[in-house]
Colleague: 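The structure's right below; bear with me while I get my questions together.
These numbers come from a predicted model, not from an experiment. The sequence lines fix the lettering, A, B, ..., with proteins before strands; numbering per chain opens at 1.
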Protein chains: 2
Amino acid sequence: MSSATVSHVINSSRYVAPETRKNVLRAIKDLRYRRDGIARSLRRSSTGTIGIMVSDISNPFFAELVRGLEDVIYARGEQNNVILCNTDEDVEKERRYLDVLLEKRIDGLVIAPAGGNRAYLRELILKGMPVVLADRVLSGVGADAVVVNNREASREATAYLNGLGHRRVGILKAALSASSIEERFSGFREALESVGVSLSAELVVVSRSDIEAACQAARHLLDVPDPPSAVFATNNFMTLGLMRTIAERGMSCPENLSIVGFDDFPWATAFRPHLTVVSQPAYAIGREAALLLFARLGEGKDAPPVTKVLRAKLLIRESCAAVKHGSGRMGDRLVRPSTREWCSPAGAPAPQLASRGSLRPR
Amino acid sequence: MSSATVSHVINSSRYVAPETRKNVLRAIKDLRYRRDGIARSLRRSSTGTIGIMVSDISNPFFAELVRGLEDVIYARGEQNNVILCNTDEDVEKERRYLDVLLEKRIDGLVIAPAGGNRAYLRELILKGMPVVLADRVLSGVGADAVVVNNREASREATAYLNGLGHRRVGILKAALSASSIEERFSGFREALESVGVSLSAELVVVSRSDIEAACQAARHLLDVPDPPSAVFATNNFMTLGLMRTIAERGMSCPENLSIVGFDDFPWATAFRPHLTVVSQPAYAIGREAALLLFARLGEGKDAPPVTKVLRAKLLIRESCAAVKHGSGRMGDRLVRPSTREWCSPAGAPAPQLASRGSLRPR
DNA sequence: TTGTAAGCGTTATCAA
DNA sequence: TTGATAACGCTTACAA
């Protein structure tokens, strides 16, 4: 019973006589033998480990994304597993973690990049490391990517506000060098421009991407001389900061302020106000990222990079009201309060009147 | 310039002439050499990898816990990192994952155990694997543990409801074989008994621990012939399910129903109703677990197991009202609506009237 | 049908 | 002050 035979029994990698195999299995059991995965990885030069880097796992969006990823990876069996890294949007931390993961010889990487390690990532990919960008793209690195239609969805959301008569619309912009945020901003601006409104600087407030900072930013935004009648929040931290600020000030939504957030929450229909949001399929983003990665680990090693765009959807709930006569600026038209007032952009499907945004299978 | 010398330069593990060292460093840079962590782990028989097993990373409680853990582990440097495993409270899945982690030769394990692998875990520990239980204990396995004072906190929360005059109090009990849930249940029962109320079976509803199931359970609970005037939810999924159900039915809290949840949410003060909850220091649980683990990886290899108990705190907000005259059952006393009506159990500090439960450092 | 032995890239011992 | 070499535990080509 040589080590070779044992190996072959464990891996079913060549014929072993039933008798021998039985003996091997018995010995394994008796000795509580467990194969050493490290030695195995060394020999096979593949670890079965995937790196996942996000800014913060306690952000529900990333938690869902990671969950989607992990489910696919676990289902693949074969000792596959996931090393989790939180970068806090810190470029330096991201780079250090990339080094750690490379030393650990991960088989592949899924990353929501902070934005400052483009060259490093390109080099990695050139060397043959499979990399999938999730949630954000990074132009020119040649990686696969899974994102959502940020720009269109934001345009749609803003158009919805416009349809309710809002012309003075503020935006809370997370200070991330992430393509997603920029695209959301573009969509926002385009929608306003298409109804003849050009962005005024004081209605664009940039904020560090955490709840505390978002509170501050929201205060600024609401304190401008002629405050907005509606606000678009570019991610879930911005939304939470805004809602906290509103609560602090005893304002009520949608009576005093209409709000659309980017990102849904599992508790959106359980608490008031029921927020109108652009819902992202976070779980699916993670899942698709894993699938893209596996594709590249298999045959498609040198296929050209693909970008998968999933659909973010406007979920109309109860945080937006039509502007009241006289409350808008000069030039505002009277708009009757009806959520049906709003029209889809040509060709786009009408937004759903949905009660729940969870896209997670059970 | 032998491989030995290179190794010593990288690890500063013995004196190397400045000249040589410079050459080595230059070569490393030129060749873009990176040490192979797998070979290193094989040779040193230690990987720097910690396994973390929770039921579901998309549960905000576990996300915070994992974040606390990861922060400490990252700060330790030295190629330390974390493999994340979601068990879904599934004993079989937990066992499979344990096998994977052992093959990967993790240096230590932090686990919120599903409850069915006690013998397996004990054996692991006996073999010398450092294990820290988080959130839940498992008697007799000899592992370190970090938990909160579930029973006392639940008793306190229930006493608060009693103080508001509630005698017919329901409980949504998550169906987990986790010590935490059992302890919360005990505290709940004890508090009721101490005001002379014995539990009626129809007010104890057990539910699978996810939002969907919790909704179902909440419907059952509210549909009993003589429905409760207050409900205690034993974890955040139970709370969310309950709130959804209330919203569905157009009931309002605290007018129609008083509610206390276990687990706080970062958005608790941003949306209505502002829930009164028992807040757990999730981040700190993760952090302490990591510290316990490192202690065991260092000197305290064979020290007796320690259990660290952190304090969960009742945060009184606005989801509980005093029972109205006549709305209670026969025997209910009239209780004036005042949150100060309630008294701390002897010796316990009065609960804080807090606005925010986040315990996370920035 | 099974065994032998090389080799994966480190680190650590011993020798020089 | 540095180099040669064994060993970590596995997989796999080759031999028997």
Colleague: At less than 3.5 Å, do the side-chain atoms of B:Arg14 and the base atoms of D:dG3 form a donor-acceptor pair?
Modeller: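 Pair found.
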Colleague: Any base atoms under 4.0 Å from A:Ala17, or only sugar-phosphate, or nothing? Heavy atoms, all strands.
Modeller: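 It contacts sugar-phosphate atoms only.
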Colleague: Go nucleotide by nucleotide along DNA chain C from the 5' end; which of A:Glu19 and A:Ser3 gets its closest nucleotide reached first?
Modeller: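 Nearest nucleotide further toward 5': that of A:Glu19.
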Colleague: Using only side-chain N and O atoms of B:Arg40, determine if any of them is under 4.0 Å from OP1 or OP2 of C:dG9.
Modeller: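 Result: no.
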Colleague: Would you say A:Lys93 has more than 12 foreign heavy atoms packed within less than 6.0 Å of its NZ?
Modeller: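 Yes, the 6.0 Å shell around NZ holds more than 12 heavy atoms from other groups.
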Colleague: Please determine whether a side-chain nitrogen or oxygen atom of A:Ser7 lies at a distance below 4.0 Å from atom OP1 or OP2 of D:dT11.
Modeller: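 A:Ser7 to D:dT11 OP1/OP2: side-chain N or O found under 4.0 Å.
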Colleague: For A:Ile28 and D:dG9, what is the distance between atoms CD1 and C1' respectively, to the nearest whole Å?
Modeller: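 From A:Ile28 CD1 to D:dG9 C1': 14 Å.
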Colleague: Both B:His8 and A:Ile38 contact DNA chain D. Taking the nearest nucleotide for each, which residue is further toward the 5' end?
Modeller: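 It is B:His8 whose nearest nucleotide is closer to the 5' end.
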Colleague: Would you mind reading off the distance between B:Arg34 atom CZ and C:dT10 atom P, rounded to a whole angstrom?
Modeller: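 Going from CZ in B:Arg34 over to P in C:dT10 covers 12 Å.
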Colleague: How many whole angstroms separate atom CG of B:Asn23 from atom P of D:dT2?
Modeller: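 For the pair B:Asn23 CG and D:dT2 P, the rounded distance is 10 Å.
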Colleague: C:dG9 P sits how many Å from A:Arg44 CZ, rounded?
Modeller: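 My rounded result for the distance is 16 Å.
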Colleague: Taking OP1 and OP2 of D:dG3, is either one under 4.0 Å from a side-chain nitrogen or oxygen of B:Thr5?
Modeller: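 For B:Thr5, the contact criterion (side-chain N or O under 4.0 Å from OP1 or OP2 of D:dG3) is met.
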Colleague: Please compare B:Pro18 and B:Arg43 by the position of their nearest nucleotide in DNA chain D and report the one closer to 5'.
Modeller: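 Taking each residue's closest nucleotide, the earlier one in sequence belongs to B:Pro18.
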Colleague: What is the distance, rounded to the nearest whole Å, between atom CD1 of B:Ile10 and atom P of C:dA12?
Modeller: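 Result: 13 Å.
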Colleague: Could you tell me how far apart A:Arg21 (CZ) and C:dG3 (C1') are, to the nearest whole angstrom?
Modeller: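 Spelled out: CZ on A:Arg21 to C1' on C:dG3 is 18 Å.
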Colleague: Among B:Glu94, B:Glu92, B:Glu123, which residue satisfies the side-chain hydrogen bond (donor to acceptor under 3.5 Å, both in side chains) criterion with B:Asn117?
Modeller: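 When side-chain hydrogen bond (donor to acceptor under 3.5 Å, both in side chains) is applied between B:Asn117 and each of B:Glu94, B:Glu92, B:Glu123, only B:Glu94 qualifies.
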Colleague: Give the rounded distance in Å between these two atoms: CD of A:Gln79 and P of D:dG9.
Modeller: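 For the pair A:Gln79 CD and D:dG9 P, the rounded distance is 18 Å.
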Colleague: With the side chain of A:Tyr15 defined as its heavy atoms from C-beta on, choose the nearest nucleotide among C:dT10, C:dT1, D:dT2.
Modeller: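 My answer, after comparing the listed nucleotides, is C:dT1.
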Colleague: Indicate whether any N or O donor in one side chain lies under 3.5 Å from an N or O acceptor in the other, for A:Asn150 and A:Arg136.
Modeller: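 Looking only at side-chain atoms, A:Arg136 and A:Asn150 do not form any donor-acceptor pair under 3.5 Å.
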Colleague: Compute whether any side-chain donor of one residue and acceptor of the other, for A:Arg118 and A:Ser139, lie under 3.5 angstrom apart.
Modeller: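 Side-chain D/A pair, A:Arg118 to A:Ser139: present.
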Colleague: Between B:Ser2 and D:dA4, is there a side-chain N or O to OP1/OP2 distance below 4.0 Å?
Modeller: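 So the side chain of B:Ser2 is outside the cut-off, no N or O lying under 4.0 Å from OP1 or OP2 of D:dA4.
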Colleague: Kindly indicate whether a cation-pi arrangement holds for B:Arg67 with B:Tyr283, taking the cut-offs as under 6.0 Å to the six-membered ring centre and within 45° of the axis.
Modeller: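 No cation-pi geometry.
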Colleague: In whole angstrom, give the distance that lies between atom CG of B:Asp36 and atom C1' of D:dC10.
Modeller: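 It works out to 14 Å between those atoms.
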Colleague: Among the nucleotides C:dT11, C:dA5, D:dC8, which one has an atom lying closest to any side-chain atom of B:Asn11?
Modeller: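 That would be C:dT11.
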